[in-house]
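Everything below concerns the one structure shown next.
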Amino acid sequence: MNASSMRLPLLAAAAALSWAFAQSPAPSGVTIHTTTTLVQVGVMARDAKGQPVEGLKKEDFEVLDNGKPQSIAVFFGERVTVAEPDAPPAPSGTFTNHLTENPSAHGGYSVILLDWANTGFRNTARARQKAREVVNRLGPTERIGLYSFDRSGLKVVNEIGSSRAALLDKLKTLIGQNSPCFQRQMDGLDDKFQDSMDNCGGPTPLAGEVKSFYVAQRTTETLRAFEAIAAHLAGLPGRKALIWISSAFPLQIDLRAPASEIFPEAMGGNQLYSSEVGRAMTKLNNVDVALYPVDARGLSTVSPALSADDFTWPTMDYFAGRTGGLAFHGRNDLDVGIQGAIEDVQASYTLGFYAPQDSSRAGFHKLSVRTLRPGVKLRYKEGYYVDPPGKISKADRKDAVAQALTGLVDATSIPIEIKATRQKNTVKLRVSLRPDSLALERKGDRWQGAVEFITRFAKEDGSESAPPVSRRIEFNLTQRTYEAAQRSGLLFSRTLEMPAKAASLRVLVRNDPSGEIGTLTIPAKDIAQ
């Protein structure tokens with residue numbers, strides 16, 4: 001990876017460019033604090049009968065961070081009841097990773113995740129049909145996205161902001177790649193293991209080890225998919241519901257020693273996923289994504305006592321509890337669970353407080369939310385995690401950058417807008433970034449900070465068509481330029497040589513030293529000449 005340094009002094013002239021990033025307006029009365037972190041907490045309020053409690057005000061809540069009361073600076077409490085206007089189309093040749101947002105309605109967003117990797121083939125078609133029934137009877141006001149996860153990875157089928165017609169069309173025909181083995185178990189059927197090897201070569205003396213290996217593989221890949229979804233939804237404000245339609249996986253599996261003879265990756269003993277689960281839950285909590293697992297099997301015939309490996313309700317309950325969602329299992333009406341999750345997040349409240357970025361705040365922060373209204377029960381995420389500033393290791397940085405450069409979905413923690421033009425084999429990029437996403441620091445009469453800017457061209461199959469190129473971009477802004485950038489974006493240009501057979505360009509912006517990442521993928525065919 002090539003690296004060099006480029007310093008950007010004053011950008012006042014560039015700020016006048018008409019294509020610059022149009023920032024989403026901040027809520028009324030909210031000031032953007034560049035050197036602080038906005039912590040958002042989605043809260044579900046229910047009465048004694050389990051019905052949503054509406055009409056609560058900011059004054060009805062109290063938020064504590066590690067036991068210390070916080071001043072609520074941001075409050076959203078409206079249920080979405082009016083149709084949202086269509087977002088204006090981006091100018092020709094302009095690309096952005098910014099997800100569609102209506103700043104006047106913050107009832108919450110929902111993503112339906114159809115999980116073929118952890119669900120038997122018999123139930124995937126049923127789950128897809130039930131999801132279609134729910135979308136069909138919901139009004140056009142619901143802000144819903146449709147993602148899928150299968151053996152080939154995570155895919156954004158329809159992004160949040162898509163029309164209901166587009167969602168229904170995809171839900172009618174969408175097909176994924178199921179796991180190659182153990183379909184009957186994932187379908188919830190009580191069956192002898194030896195009769196369910198499917199495409200795994202039939203019964204073998206090491207059948208249990210084979211199963212453990214495949215369960216471990218899909219567990220790890222699913223947790224990585226959760227992390228990718230968290231990064232992708234990070235740019236949306238307020239609470240997000242991830243409706244995970246799946247048979248899930250056990251929190252603990254038995255990896256027996258003989259398996260290592262066939263699969264070197266497998267180790268003897270019980271495999272616990274505490275670190276992987278903890279990391280995924282932290283990523284989801286930090287961007288206020290609540291998991292709503294919906295068991296695709298309905299009323300499973302599998303007995304927990306006879307088939308502990310396939311009894312995954314504890315996994316669903318655990319993930320929902322950690323993130324402030326709800327689990328729906330042990331029932332045949334999948335559509336009720338899907339609709340319940342969507343309605344739950346739409347009736348939510350979002351509370352936000354500003355916390356300074358300093359080393360004393362590093363580590364896990366336990367959140368507590370109270371209400372002064374009697375008889376109201378609250379549900380919310382358990383907390384969030386703060387990385388120590390400047391303590392990201394080179395290995396962790398390299399791993400995070402590699403995953404972001406090759407991931408199947410873009411990360412949105414740092415909003416990016418790019419005007420791209422092409423002349424023969426040369427691509428010119430005019431880049432706009434939002435200063436409030438870069439944690440710039442005021443030093444004297446200047447606002448200073450830096451980002452790592454990386455570009456990667458890829459072929460149709462995702463492999464590199466040329467080595468990635470990295471540049472360090474430093475900002476040193478006067479107060480006047482900083483104020484202009486808040487209105488129109490921080491602007492700079494880059495010129496790249498497009499290699500042969502390049503199908504896409506991915507641009508990565510990494511904040512230094514916070515480590516936050518934003519990516520934007522541009523199809524080569526869409527770059528205007």
Side-chain angles (χ1 to χ4, degrees), residues 41-44 46 50 110-115 117-120 123 127 130 149 185-188 215-216 218-220 222-223 225-227 229-230 239-254 270-285 288-345 348 364 366-369 377-384:
V41 188
V43 179
M44 305 291 104
R46 297 291 183 268
S110 301
V111 168
I112 297 173
L113 176 63
L114 293 174
D115 178 5
N118 295 289
T119 306
N123 286 321
K130 290 298 183 181
F149 175 64
Q185 277 78 13
M186 286 190 286
D187 271 331
V215 173
R218 60 187 173 92
T219 298
T220 301
T222 305
L223 293 173
F226 287 161
E227 292 187 49
I229 291 172
R239 186 177 177 87
K240 283 80 69 175
L242 179 57
I243 305 168
W244 179 35
I245 307 176
S246 173
S247 299
F249 47 80
L251 287 175
Q252 175 178 324
I253 62 173
D254 182 22
N270 290 329
Q271 175 68 46
L272 297 173
Y273 290 93
S274 55
S275 60
E276 292 90 343
V277 169
R279 184 173 63 245
M281 296 303 103
T282 294
K283 297 287 187 181
L284 293 170
N285 277 339
D288 212 7
V289 176
L291 260 175
Y292 289 79
V294 178
D295 193 344
R297 295 167 296 189
L299 287 173
S300 173
T301 60
V302 174
S303 166
L306 297 176
S307 186
D309 283 349
D310 300 301
F311 186 57
T312 58
W313 293 353
T315 303
M316 299 179 184
D317 292 334
Y318 180 76
F319 285 177
R322 287 283 302 270
T323 59
L326 285 173
F328 298 88
H329 50 61
R331 52 195 301 167
N332 277 327
D333 47 356
L334 270 67
D335 54 327
V336 173
I338 299 169
Q339 185 163 342
I342 294 173
E343 292 176 346
D344 194 55
V345 75
S348 66
F364 178 75
K366 181 176 176 57
L367 291 171
S368 299
V369 183
K377 295 183 179 180
L378 304 180
R379 176 164 41 83
Y380 48 88
K381 65 185 180 183
E382 61 179 17
Y384 67 100

Over all heavy atoms of both residues, which pair between [X] and [Y] is shortest? Give the atoms and the distance, please.
X: Arg239; Y: Ala290; value: NH2-CB, 3.2 Å
X: Ser247; Y: Arg297; value: OG-CG, 3.3 Å
X: Ala320; Y: Pro293; value: CB-CD, 4.0 Å
X: Ala280; Y: Glu227; value: CA-CG, 3.8 Å
X: Leu367; Y: Lys381; value: CD1-CE, 3.8 Å
X: Thr119; Y: Ala296; value: CG2-CB, 3.7 Å

Is there a donor in the side chain of Thr222 and an acceptor in the side chain of Asn118, or the other way round, less than 3.5 Å apart? yes
Side-chain ([X]) to main-chain ([Y]) donor-acceptor, under 3.5 angstrom:
X: Ser110; Y: Ala241; answer: no
X: Arg218; Y: Ala248; answer: yes
X: Tyr380; Y: Val369; answer: yes
X: Asp115; Y: Ala117; answer: yes

What distance do Trp244 atom CH2 and Ile338 atom CD1 have between them, rounded to the nearest 0.5 Å?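 One gets 14.5 Å once the value is rounded to the nearest 0.5 Å.
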Are [X] and [Y] side-chain neighbours, meaning at least one heavy-atom pair lies under 4.5 Å?
X: Ile229; Y: Phe149; value: no
X: Lys130; Y: Ile245; value: no
X: Asn285; Y: Glu382; value: yes
X: Phe226; Y: Leu113; value: yes
X: Leu291; Y: Arg322; value: no

Applying the side-chain contact (heavy atoms from CB on, under 4.5 Å) test to Phe319, which of Leu223, Leu284, Leu242 qualifies? Leu223
Phe328 vs Tyr292 aromatic rings, parallel, tilted or perpendicular, using cut-offs 30° and 60°? parallel
Walk me through it: do Ile243 and Gln339 pass the test side chain to side chain contact (heavy atoms under 4.5 Å, CB included)? CA-CA 10 Å; Ile243 305 168; Gln339 185 163 342; over 6 Å; no
